[in-house]
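FYI, side chains are in, hydrogens and waters are out, and symmetry mates aren't considered; it's all heavy atoms of this structure.
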Amino acid sequence: MRIRQDREAQDIYLGESSRLRLFHMTGPKHSCGVVGMYAAYNVVPSVHKALRIIQHRGQESAGISVFKEGGILTVKDSGLVQVALNRRNMEGLEGLCAIGHVRYSTTGNKGAVNAQPLFVQTTNGMIAAAHNGDITNYTELKKKYLDAGWSFLTDSDSELLTKIMGKHMTQYNDPVKAIRSTMNELDGAYSLTVLINDRLFGVRDPYGFRPLCLGRVDAGYVIVSESAAIDALKGDLVRDVQPGEIVEIKSDSFKIYPAPAETPRAHCMFEWVYFARPDSVIDGREVYSVRRRIGEILARESPAEVDCVMPVPDSGRAHALGYSIQSGIPYEEGFMKNRFVERTFIMPDQKDRENAVSMKMNPIKSTVKGKRILLVDDSIVRGTTLSRLIRMLREAGAKEVHVRIGCPPIVAPCYYGVDMKTRDQFIANQHTLEDIRAAIGADTLGYISAPGLVEAIGMPASDLCMACINNRYPTNIPGETHRFQSKLNPDFV
Ligand code: SF4
């Protein structure tokens with residue numbers, strides 16, 4: 001789903017010649033999570049539970065569609081799962097097969113109009129679809145269908161793909177053919193769960209940008225963005241949905257419709273670095289283990305003489321632990337995090353934002369005072385929160401604050417479902433390492449290298465999307481460089 005950016009700028013002056021523009025935002029936001037389940041009993045409570053487990057992938061709206069008595073019923077609204085799908089509006093929503101969605105901000109308002117699943121009625125029945133990703137040829141496709149006389153309620157690529165699926169369902173009266181024909185029209189990132197009448201499918205784009213996995217649960221099967229939800233349902237992870245596959249599930253079986261052709265893969269490296277839950281397994285790699293390995297490799301690549309290793313909670317925890325284990329330097333928790341404070345970028349002025357950060361994080365003085373600290377975080381996008389945390393540590397008595405980052409510098413936009421859309425929002429885009437170190441106020445700054453990150457994830461670089469750190473895009477994006485353009489392919493792809 002396409003998304004909007006919410007940000008405000010703060011200029012930081014570096015002497016006479018240079019200036020950094022930092023943006024107030026707590027970190028990149030994901031743009032959705034999906035689930036689909038088919039079982040021999042009412043699956044709605046389980047789908048609701050799975051959505052709560054993947055709530056981190058989208059907090060602005062939630063919805064469930066269920067096949068019941070020959071029709072598809074949908075409940076969706078803005079807010080967290082427990083607000084949008086509350087006891088009152090869920091009454092009577094029950095059935096053996098259902099899909100669900102959690103969403104992060106889109107173009108347009110954040111309300112129910114943009115909530116998913118989306119629905120379309122065809123002459124051959126009903127379709128409800130839930131989408132995680134971004135369709136990169138959205139503009140061309142939308143123009144094509146507007147020219148053909150179609151109309152749209154939203155500015156959402158998810159609405160477009162659902163309607164295209166409806167067109168093919170009308171044409172073929174065959175759900176698998178309708179989905180495959182839709183895939184043939186789409187470029188970009190999409191992990192989908194789809195209800196076509198009483199048949200339930202999981203679909204992953206041919207590059208496999210966003211995760212999608214299949215699990216066996218009591219008397220049924222589930223398809224979901226992250227395997228942690230399968231654990232919560234007391235099920236077993238069966239396999240990842242492979243790039244380009246369509247998987248149909250029933251209560252007692254599943255069927256794979258393989259990708260018609262082998263295509264290069266492009267799994268989003270940021271899922272392991274930051275987005276996914278540490279307890280999820282994505283494409284065979286447990287997220288927590290990858291993050292620990294990132295920390296170990298960081299310790300090798302970027303050593304420091306310090307008294308303790310400290311995470312930025314919660315995102316840098318596994319990375320910091322790996323660094324500590326590899327280096328032998330003690331691990332300490334340096335901040336108490338208040339989980340009940342909202343995001344800082346919506347605060348109207350600088351003073352409010354400062355107050356919000358100090359309400360959200362408070363240093364634990366006994367672990368900080370007089371210490372040389374190595375602060376570890378997963379990534380730097382804008383650098384604002386990190387600079388405030390460093391200042392807090394110094395105010396609490398830290399002697400030195402060194403920073404290590406578990407992702408190479410982010411310099412380029414994402415077109416595949418993450419809200420990093422313009423180059424000017426990245427602190428690393430036009431500034432040197434030394435500029436960034438000075439701007440955030442660290443004594444030293446080190447990032448893991450790109451080959452180090454590839455080693456930590458443990459799959460070939462050619463199977464990963466790393467476009468936001470190397471400017472080489474796995475699909476054709478107007479104005480951007482494709483990773484298979486030979487003249488720009490020297491280090492790794
Ligand atoms: Fe992930 Fe970056 Fe590629 Fe986007 S550009 S899919 S965030 S690796």
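Within 6.0 Å of NZ on Lys68 lie more than 12 heavy atoms contributed by other residues, nucleotides or ligands.
Residues forming a side chain to side chain contact (heavy atoms under 4.5 Å, CB included) with Asn362 (at least two apart in sequence, or on another chain): none. Tyr207 is linked by a ring pair (Phe, Tyr, Trp, His ring centres under 6.0 Å) to Phe209, counting only residues two or more places apart in sequence or in another chain. Applying the side chain to side chain contact (heavy atoms under 4.5 Å, CB included) test to Arg216 and every residue at least two apart in sequence or in another chain returns Tyr221, Val238. Residues satisfying the side-chain hydrogen bond (donor to acceptor under 3.5 Å, both in side chains) test with Ser65, not counting sequence neighbours, are Thr74. With sequence neighbours excluded, the residues that form a salt bridge (charged side-chain N to carboxylate O under 4.0 Å, His left out) with Glu248 are Arg199. When the side-chain hydrogen bond (donor to acceptor under 3.5 Å, both in side chains) test is applied to Arg285, no partner is found at least two apart in sequence or on another chain. For Glu455, the salt bridge (charged side-chain N to carboxylate O under 4.0 Å, His left out) criterion is met by Arg300, not counting sequence neighbours. Residues forming a side chain to side chain contact (heavy atoms under 4.5 Å, CB included) with Phe119 (at least two apart in sequence, or on another chain): Ile72, Gln121, Met126. Every residue meeting the side chain to side chain contact (heavy atoms under 4.5 Å, CB included) condition with Glu159, not counting sequence neighbours, appears here in chain and number order: Leu118, Phe152, Leu153, Thr154, Ser156, Lys163. Listed by chain and number, the residues in a salt bridge (charged side-chain N to carboxylate O under 4.0 Å, His left out) with Asp307 are Arg372 (sequence neighbours excluded). Taking the salt bridge (charged side-chain N to carboxylate O under 4.0 Å, His left out) definition, one finds that Arg265 meets it with nothing, sequence neighbours left out.
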For residues 37-46, which side-chain N or O atoms pair as donor and acceptor with protein atoms under 3.5 Å away, sequence neighbours left out?
from, atom 1, to, atom 2, distance (Å)
Tyr41, OH, Asp218, O, 2.7
Asn42, OD1, Val44, N, 3.1
Asn42, OD1, Gly95, N, 3.1

